Amino acid sequence: MYSEDVIRRVRDSINVYDLISGYVALKKTGKNWLGLCPFHSEKTPSFNVNTEKQIFHCFGCGVGGDVFKFVELQEGLNFPEAVKTLAARSGITLPQDNRDHRQDKRTEDEKKTLLKIVAEAAAYFSKELEGPAGSAAREYLRKRGVSDAIIREFALGYVRPEWDGLLKHLKHLNYTPSQMERAGLVVKRSEGEGYYDRFRGRIIFPIRDMTGQVIAFGGRVMDDSLPKYLNSSETALYSKSHVLYGLDMAKDHGRKQGYFIIVEGYLDAIACHQYGIRNAVATLGTALTDGHLRLMRRFADKLVLIFDPDPAGVKASLRGFDLFVSSSMKVNVVSLPGGDDPDTFLQKQGQEAFAARLRQSAKFMDFVVEQVVKSSPSRSIDEKIEKAEEMLSYISRLQSGIERDHYLKKTAEILDLDETVLRQEMPKQTMKLPFAPAGGTAPAAPAAGRRRPRAEEILIHLILKDEGIARSLKDRIEPRDFTDPLFQRAVERIFKMLDEQGKLDTGALLREEDEELKNLLSHYAVLDMVYEDPAKSFQDCVEVIKQKDPEKKMKLLIRAIQEAEARGDIATIKRLTEEQQELSRRPGRKIPGKSGTSTE
Ligand SMILES: [Zn+2]
């Protein structure tokens, strides 16, 4: 590794604006430069560059950091590689570091070796399926309707129910058990010496990257034993949140047809391909991630999700809500008749019926409406309130005002509620709407859905803005006065830096190991919000935080809000009003004044 000195010299030689404007079109807004985030798909810019602190932060996906971090993410480099790249850009000669060079070479060699092992394993599994040991597996696949052509195309395989079949085979080819373990193929015994095969007595589905190289395997049992599916462990080659099964085969078809079909299992993806639905891919035992969406967005901007209609499948798809609305991909949903997955549906009803279902796919938000309010018509007022609240929580997260309006009307209609009343309830859910900060960036909370104490938030924001405030906070408050654990860690980290270095170096703070903490710090370091009288806001927030008695806290809050109103300090009013509302709402969660169980 390079010394702190060298790193600082390289960092200071590059202007964050010059660097990033080479990749992203940036527009000046307030203190920051604003553009469309290169790391997640969005239509409304939330990617901020701050030249004063020489950092960037995206309020959409939460990534942030200094110039090195940007190059790491943009070019897919590790930290030393990013240092090298930027040093070259500035014409700085780095101290010779042979060890580092050897390290790169080693990583590369390691990956090559792992790819070779995995390829050997794939050949072994495939041969086993063709051989005498594979007769039951071949019979199983035939019964499931998988054709020989598709078996070859997806290079399916089989492994006997033995503990060391693959292990012996690979040892014979001079690979070590430790290499096999790093390739995700064998498991170290928990007691005693030695290793055993991860996959035993299973049909094997090779998992390939976008270029068609095998990087991992999935295995399925042929009876009812558990686990039904098993995947390779995450390795240097394979990360399940960045790989889609079948994408190597589906990508060109997805591009031509303008969309991908997302199914849940290997056999579903394979059935789709066999029936000529060539743009189908499967997630590998995980919910769709931003990484998956980015992979597909290179080829198409539309997705059709086919989920199991069972409650777990529905729940899983609703969990993708924020991901789908924050990406600019159009997402539709198809539900198949109860009990059918794409595999069984295609076999029973064929391709035409499947295509008809695809044509009837619903917009994701209509699917949400269906699940939340239509599925079980509610009668009592309590039920209506509960459903209205649930719908509002979804509607308020939609990015387009037109869409919000549309679904508000729709919800009011279905629940037979007055639309105006429903609309009045909206701002409580959409705290971010009434006061967008200068520059129009939505101050999304670092972790969606979690409310952080607002007075604590103001303090964190202020100490990152102003070193003087950070110093005076240090004498007046302790990290444990903050109730939010992440804020506690942030304050601890900042105080430690002040102690050790005598100053606050935001760039260095953002090279913190802890991702969550790093994102929080870059969020508030970049957040462009003006306080009319920072010292006064600071003073009030310290008092509020230190006051543990709820009634006294409420009085302090009301006074602080009144004073902020007198000086026109919108940032402070907004946050402290939210804190006050939350404090007053704490005993019950119902819409005030509507429910019989309300505490009002
Ligand atoms: Zn982003």
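As the structure is a computational prediction, the values presented were derived from the model and not from experiment. Whatever order the structure lists them in is the order used to number ligands and atoms, beginning at 1.
- Of all protein atoms, those that are N, O or S and lie under 2.8 Å from the Zn ion (ligand 1) total 4.
- Side chains of T289 and S241: no donor on one and acceptor on the other come within 3.5 Å.
- Using cut-offs of 30° and 60° for the angle between ring planes, the F205 and Y229 rings count as tilted.
- For the residue pair Y266 / N231, a side-chain donor-acceptor distance below 3.5 Å is found, with atom types taken as modelled.
- Ring-plane geometry between F59 and H523 is classed as perpendicular, the angle between the planes exceeding 60 degrees on a 0 to 90 degree scale with a lower cut at 30.
- Under the 30°/60° scheme for interplanar angles, the aromatic rings of F47 and F70 are found to be tilted.
- With 3.5 Å as the limit, one finds no donor-acceptor pair spanning the side chains of D209 and Y238.
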